[in-house]
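The next block holds one structure in the form of structure tokens; read it before the comments.
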Amino acid sequence: MAEKNEEFEKLKQECLQCQKCDLCKTRTNVVFGTGVDNAEVMFIGEAPGENEDLKGEPFVGRGGQLLDKMLAAVDLDRKKNIYIANTVKCRPPKNRDPLPEEQEQCIGWLRKQFAILRPKIVVCLGRIAAAKIIKPDIKITKEHGIFFEKNGVLMMAVLHPAALLRNPNNKPAAFEDFLKLQEKIKEICDHTYDEQKSE
Ligand code: URA
């Protein structure tokens, strides 16, 4: 595992210097990603918000706290058994949607993270990440919680935590999706849950 760790660290140091698009001019920090380097499950969000930009870590605001609670309900934890990254590594001003060209400039970093990690399951948080990673015309309201297979990797979209904060009525449906994820992890992953048991 040490080798993977080194690869991640090298990639991170390169990414922290990135000036491929204008978001580098307004960012406080590059939000590279966080988690364990043997994760079998990778979560992908859209782009950092204000709190993430200040801290340099994904999903650390109110949405992130909700995400952490939902993860904990299915025994997932960014410090123990998953990895979390965004499609765009720097905060778009005033939290606007990332522009297509910003996504294009940035996606190479995520591809490299994916290549190092080689996850078995990818979970896209919200429509923008799902459209970029799963399929451009995804209908998140209808297709959340459904597994799609792409090049041997299972991919699922879930409702974005910020959308759940705006519309808490959707929390039960989102929780159902996390239960489906838990079932799939038990079915196809080798060590995601073992490592927690062995602590
Ligand atoms: N929303 C995202 O999509 N990603 C973050 O890191 C924070 C909020």
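Start at 1 and go down the list; that is how both ligands and their atoms are numbered. Owing to the predicted nature of the structure, the values given are computational and were not obtained by experimental measurement.
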* Structure fact -> atom 4 (N) of ligand 1 sits nearest the protein heavy atom Asn86 OD1, 2.8 Å
* For atom 1 (N) of ligand 1, what is the nearest protein heavy atom, given as residue, atom name and distance? -> His160 NE2, 3.3 Å
* Asked: Backbone or side chain, does any N or O of Phe59 fall under 3.5 Å from an N or O of ligand 1?
  -> yes
* To do: Output the rest of the hydrophobic cluster of Phe32: all Ile, Leu, Val, Met, Phe, Trp and Tyr residues reachable through side-chain heavy-atom contacts under 4.5 Å, sorted by chain and number.
  => Phe8, Leu11, Met42, Ile44, Tyr83, Ile107, Trp109, Leu110, Phe114, Ile116, Leu117, Val122, Ile133, Ile134, Ile138, Ile146, Phe148, Val153, Met155
* Asked: Does ligand 1 have an atom under 4.0 Å from some heavy atom of Gly63?
  -> no
* Sort out for me which residue in Ile185, Leu154, Ile188, Val41 forms a side chain to side chain contact (heavy atoms under 4.5 Å, CB included) with Lys120. => Ile188
* Structure fact -> Only one of Met156, Met70, Glu176 passes side chain to side chain contact (heavy atoms under 4.5 Å, CB included) with Leu181, and that residue is Met156
* To do: Could you tell me which atoms of ligand 1, counted from 1 in the order shown, lie closer than 4.0 angstrom to a heavy atom of Gly45?
  => 3 (O)
* To do: May I ask you to list the atoms of ligand 1 that are less than 4.0 angstrom from any heavy atom of Pro58?
  => 6 (O)
* To do: Select one of side chain, backbone, both or neither to describe which atoms of Ala162 lie under 4.0 Å from any atom of ligand 1, heavy atoms only.
  => neither
* **Within reach of ligand 1, part of Glu46 (heavy-atom separation under 4.0 Å)** => both
* **Lys184 and Glu187: CA distance, side-chain angles, deciding distance, salt bridge (charged side-chain N to carboxylate O under 4.0 Å, His left out) verdict** => CA-CA 5 Å; Lys184 192 57 80 180; Glu187 201 183 308; 3.6 Å; yes
* Knowing that exactly one of Gln103, Glu46, Glu104 qualifies, which makes a side chain to side chain donor-acceptor pair (under 3.5 Å) with Lys132? -> Glu104
* **Main-chain N/O of Lys10 paired with Gln13 side-chain donor or acceptor, under 3.5 Å** => no
